[in-house]
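The structure appears below as structure tokens.
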Amino acid sequence: MAEECREGVSRHDELYESQSPQCQYCPGDSDDELTWISGQVDTGPQSSNGTKGPCRVIVHFDMDCFYAQVEMIRNPALRTVPLGVQQKYIIVTCNYVARELGVRKMMLVTDAMEKCPQLVLVSGEDLSPYREISYRVTGLLEMFFPLVERLGLDENFVDITELVESRLKQQMKLSDISINGHIYNQQPLDVTVQNHCRLAMGSHIAAEIRAAIHSQLGLTGCAGIASNKLLAKLVSGTFKPNQQTTLLPESTVPLLASLRGLHTLPGIGYRTACRLETLGLQSVEDLQRFPLANLEKELGATVARRVHSLSLGIDPSSVTPRGPPQSLSNEDSFRKVSTEAEVRQKVEELIIILLDRMYKDGRTPRTFRLTIRRFPRPVNKWFSRESRQCPVPGFLGQKICSGVDDAVGPLVKLAMKLFHRMVDTSLPFRLTLLSVCFTNLQSSCTKGSIQAFFVHESPGKQKDTPSQGVLLGSTGSSRRSAGGTPQLEPLDSSSECERATSAPPFGVDPSVFQELPADIQRELLSSIPGQSGSVTPSAPEPGVVTALRIPSFERLLQPSSVELHPGREWDADSCGEIGSPACDVPPNVDPQVFTELPLDLQKELLSEWKHETSPLKTQPPARRGRTLVSRGSKSATTSGSQTNNLLKYFKPS
DNA sequence: GCGCGATAG
DNA sequence: TCTTCTATCGCGC
């Protein structure tokens with residue numbers, strides 16, 4: 001996000017230069033007053049005549065306590081206990097059971113154990129399982145949308161403007177439009193306002209996104225729907241966990257006013273907040289009121305304009321797909337490493353792991369970097385890392401990308417050279433961190449597919465680069481649900497993608513099946529009886545939706561001793577929006593689809609599910625279906641958004 | 001290209 | 001107190 005904002009600023013600056021003084025992003029100097037501010041706050045794009053034009057529709061999706069969720073998927077028994085994910089002596093995140101008992105993110109393990117002696121700890125120092133699941137989430141989103149941007153491991157922005165527009169064109173009666181989930185500030189929806197309709201439609205698509213991620217990957221999260229990335233991110237956390245909130249433009253002012261402290265604005269970090277404080281600015285509103293010209297004197301034009309815009313809810317940055325990472329690094333922290341031999345040992349361990357990741361990535365690194373942190377930290381320096389980097393010799397690059405393990409020795413040598421450029425080993429030293437990093441990654445290797453990053457274990461399957469392809473959601477009637485509800489449909493894959501011609505497995509929409517890449521089709525087919533024999537589901541029970549297998553997902557998640565449950569339990573803790581259908585439907589029922597059913601049918605289904613549910617509300621009947629599938633090591637199945645339009649399975653006949 | 005700083009989760 | 005283990009981008013040289 002921060003990077004995006006910076007990137008956005010350059011575009012922003014162009015706007016300043018080319019369109020002043022009428023540019024919407026150029027307030028110009030002002031003698032302030034609140035009325036002026038509310039006039040400047042981004043309540044939607046304005047055309048030159050001052051009327052509101054159509055806004056973009058951006059979704060920010062933020063997974064609930066991501067590391068903890070991944071651990072709970074790997075070991076379902078952890079769902080009901082207070083769980084903390086530990087890195088060294090820090091609880092980096094914890095589940096909601098633990099939160100209710102007073103555990104917080106980034107708490108010291110000792111403090112957490114004091115607060116909650118029954119806290120169960122798992123180590124989260126190896127990020128690979130989280131990284132893998134994280135890229136699966138992004139990959140899933142990219143199947144439906146061309147514009148997906150990752151932010152860290154657990155957040156994604158999706159620009160859904162085009163899909164909103166195509167659905168609105170199909171919408172017969174705009175007066176029927178409603179909002180799915182919460183509306184920020186409980187602002188009434190006005191269907192005569194174009195941008196309200198766009199955002200309302202966006203809220204339904206966001207619900208489908210959340211449902212797809214839940215049904216395919218078993219993960220819950222929050223979504224924010226707004227007209228730019230900044231506002232979508234700010235609003236997404238309003239209701240947690242597993243809920244979504246839409247910001248209508250008129251509520252931008254109260255949203256910004258609700259922020260406590262300048263650092264709560266994404267893009268304003270600790271340092272900038274400190275500098276702003278020296279100007280006497282403490283709140284977002286202080287920053288809004290502060291004359292831009294004065295701000296520029298203190299921060300420079302670039303930073304000043306960016307943060308001033310942010311304070312007004314203006315964020316011109318676009319949702320920018322990043323593709324595979326631009327660097328791969330591996331680091332470890334410790335209390336004390338003070339001999340060269342220890343350094344060499346640590347560096348070798350780090351390199352071995354990093355080489356494995358580099359090999360799986362498939363690209364060739366051209367630059368190698370070693371980073372250290374010394375103790376005590378240098379005075380006057382808060383953040384004390386030092387690094388040295390050097391080119392990776394060609395022969396070594398070849399070894400690395402071909403996977404031969406004799407790259408380790410030369411790399412350790414290289415690392416020690418860099419180490420000696422930083423540390424004089426004739427003097428005492430003490431390090432508390434070592435990090436190795438490959439950057440300048442070139443996709444030159446014959447093995448070559450950088451896209452394989454998303455699907456390590458099946459290098460034959462290459463992910464298409466996100467294209468501006470047609471969204472299938474607006475095409476065929478055969479791909480609409482029985483209720484006429486628009487459902488997410490995958491983006492068309494590239495034409496070079498071969499297609500299998502077999503009939504789909506039972507329960508899978510044939511038209512959807514035909515759209516899948518051939519390898520996925522094969523995997524689907526291999527997961528049904530009589531094909532590869534790896535799974536044994538018979539025809540799905542009523543209420544059960546047969547699912548797509550996510551390649552290698554199960555193997556990834558498979559813990560050594562615990563059965564896999566691809567989906568979350570259906571319990572009060574993991575459930576979302578109180579009073580909304582999402583909270584009341586079983587996990588294999590798409591809440592979006594459910595809400596589109598006639599009200600009487602909804603009631604009937606709810607009543608049926610309720611009767612079949614234990615008093616503890618943990619075992620809805622439909623969950624039996626989940627246990628049908630995927631017990632072997634090669635057979636994960638999850639219900640898919642492609643298939644969850646099978647309304648006929650909702651209700652036993 | 002290099003090393004660092006700022007920002008983010 | 002700025003923790004852990006990453007990752008990105010911009011600046012000045």
Side-chain angles (χ1 to χ4, degrees), chain A residues 1-10 13 60-63 65-67 84-93 104-112 123-128 130-131 134-135 149-157 221 229-230 233 236-237 262-275 299-300 302-303 306-307 310 317 320 322-335 350 353-354 357 366-373 376-378 380-392 418 421-422 432-441:
Chain A
M1 179 75 190
E3 305 81 28
E4 262 334 277
C5 291
R6 257 179 250 121
E7 189 180 296
V9 164
S10 46
D13 290 342
H60 175 254
F61 178 71
D62 186 352
M63 283 175 273
C65 48
F66 178 55
Y67 288 14
V85 180
Q86 177 181 9
Q87 284 171 345
K88 298 289 158 22
Y89 48 90
I90 301 284
I91 305 288
V92 290
T93 193
R104 295 286 172 266
K105 283 181 182 177
M106 304 315 273
M107 213 177 208
L108 291 177
V109 171
T110 49
D111 293 349
S123 169
E125 283 169 33
D126 177 6
L127 298 190
S128 16
Y130 315 126
R131 205 154 28 217
S134 169
Y135 273 97
E149 179 180 337
R150 295 165 55 77
L151 182 61
L153 289 183
D154 64 341
E155 298 179 29
N156 287 275
F157 290 101
K229 290 202 294 180
L230 168 72
K233 181 170 168 59
S236 69
L262 288 168
H263 65 282
T264 55
L265 265 184
I268 298 186
Y270 179 78
R271 293 308 191 129
T272 309
C274 285
R275 292 170 77 183
L299 301 175
T302 307
V303 175
R306 185 182 74 236
V307 301
L310 292 173
S317 71
T320 310
R322 304 227 171 270
Q326 296 174 36
S327 64
L328 299 186
S329 67
N330 188 18
E331 69 184 47
D332 194 16
S333 63
F334 28 75
R335 289 186 56 77
L350 291 170
I353 305 288
L354 186 62
R357 280 216 277 145
R366 296 292 180 209
T367 304
F368 178 69
R369 179 162 63 225
L370 181 77
T371 301
I372 64 170
R373 184 179 63 194
R377 292 217 308 279
N380 296 336
K381 272 195 157 184
W382 289 53
F383 200 72
S384 62
R385 285 177 173 218
E386 295 165 60
S387 66
R388 295 292 181 272
Q389 68 186 47
C390 65
V392 175
L418 295 171
R421 280 167 54 186
M422 289 184 278
T432 59
L433 177 137
L434 279 165
S435 169
V436 291
C437 178
F438 288 129
T439 59
N440 199 359
L441 310 178

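Each chain gets a letter, A, B and so on, in the order the sequences are listed, and its residues count up from 1. All values derive from a computational prediction rather than experimental measurement.
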What's the closest nucleotide to the side chain of [X] if the choices are [options]?
{"X": "A:Pro391", "options": "B:dC2, B:dG9, C:dA7", "answer": "B:dC2"}
{"X": "A:Arg385", "options": "B:dA8, B:dG3, C:dC5", "answer": "C:dC5"}
{"X": "A:Leu127", "options": "B:dA6, C:dA7, C:dC5", "answer": "C:dC5"}

Partners passing salt bridge (charged side-chain N to carboxylate O under 4.0 Å, His left out) against [X] (at least two apart in sequence or in another chain):
{"X": "A:Arg275", "value": "none"}
{"X": "A:Asp62", "value": "none"}
{"X": "A:Lys105", "value": "none"}

If you restrict it to nitrogen or oxygen atoms, what contacts under 3.5 Å exist between nucleotides 11-13 of chain C and the protein, and what is each distance?
none

For [N], does either OP1 or OP2 sit under 4.0 Å from a side-chain N or O belonging to [X]?
{"X": "A:Arg150", "N": "C:dT8", "answer": "no"}
{"X": "A:Ser329", "N": "C:dA7", "answer": "yes"}
{"X": "A:Arg357", "N": "C:dA7", "answer": "yes"}
{"X": "A:Gln326", "N": "C:dA7", "answer": "no"}
{"X": "A:Arg131", "N": "C:dA7", "answer": "yes"}

Using 30° and 60° as the class limits, which term best fits the ring planes of A:Phe368 and A:Phe438: parallel, tilted or perpendicular?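 Tilted.
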Without swapping roles, check the side chain of [X] against the backbone of [Y] for a donor-acceptor pair under 3.5 Å.
{"X": "A:Gln87", "Y": "A:Gly124", "result": "yes"}
{"X": "A:Ser329", "Y": "A:Cys437", "result": "no"}
{"X": "A:Lys88", "Y": "A:Ser333", "result": "yes"}

Integer-rounded Å distance: [N] [atom2] and [X] [atom1]:
{"X": "A:Asn440", "N": "C:dC9", "atom1": "CG", "atom2": "C1'", "result": "15 Å"}
{"X": "A:Leu262", "N": "B:dT7", "atom1": "CG", "atom2": "C1'", "result": "15 Å"}
{"X": "A:Arg388", "N": "B:dC4", "atom1": "CZ", "atom2": "C1'", "result": "10 Å"}
{"X": "A:Tyr130", "N": "C:dT6", "atom1": "OH", "atom2": "C1'", "result": "13 Å"}
{"X": "A:Leu151", "N": "C:dA7", "atom1": "CG", "atom2": "C1'", "result": "10 Å"}
{"X": "A:Glu155", "N": "C:dT6", "atom1": "CD", "atom2": "P", "result": "18 Å"}
{"X": "A:Arg421", "N": "B:dC2", "atom1": "CZ", "atom2": "P", "result": "9 Å"}
{"X": "A:Leu230", "N": "B:dT7", "atom1": "CG", "atom2": "C1'", "result": "14 Å"}

Using side-chain heavy atoms (C-beta onward) and a distance below 4.5 Å, is A:Ile372 in contact with A:Ser387?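 A side-chain contact is absent here, since even the closest heavy-atom pair is not under 4.5 Å.
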Do A:Asn156 and A:Glu149 make a side-chain contact, defined as non-hydrogen atoms from C-beta onward lying under 4.5 Å apart?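 No - every pair of side-chain heavy atoms lies 4.5 Å or more apart.
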Indicate, with a heavy-atom threshold strictly under 4.0 Å, whether [X] touches base, sugar-phosphate, or nothing.
{"X": "A:Leu265", "answer": "sugar-phosphate"}
{"X": "A:Gln86", "answer": "nothing"}
{"X": "A:Asp62", "answer": "nothing"}

Between C:dT4 and B:dG3, how far is it from one C1' atom to the other, in whole Å?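 The answer is 23 Å between these two C1' atoms.
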Can you name the ring pair (Phe, Tyr, Trp, His ring centres under 6.0 Å) partners of A:Phe334, sequence neighbours left out?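 Per chain and number, A:Phe334 pairs via ring pair (Phe, Tyr, Trp, His ring centres under 6.0 Å) with no residue.
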Using atom names, set out every protein N or O paired with an N or O of nucleotides 1-4 of chain C below 3.5 Å, distance rounded to 0.1 Å.
{"from": "C:dC2", "atom 1": "OP1", "to": "A:Arg377", "atom 2": "NH1", "distance (Å)": "2.9"}
{"from": "C:dC2", "atom 1": "OP1", "to": "A:Arg377", "atom 2": "NH2", "distance (Å)": "2.9"}
{"from": "C:dT3", "atom 1": "O3'", "to": "A:Tyr89", "atom 2": "OH", "distance (Å)": "3.2"}
{"from": "C:dT4", "atom 1": "OP1", "to": "A:Ser333", "atom 2": "OG", "distance (Å)": "3.3"}
{"from": "C:dT4", "atom 1": "OP2", "to": "A:Arg373", "atom 2": "NH1", "distance (Å)": "3.0"}
{"from": "C:dT4", "atom 1": "OP2", "to": "A:Arg373", "atom 2": "NH2", "distance (Å)": "3.4"}
{"from": "C:dT4", "atom 1": "O2", "to": "A:Gln87", "atom 2": "OE1", "distance (Å)": "2.8"}

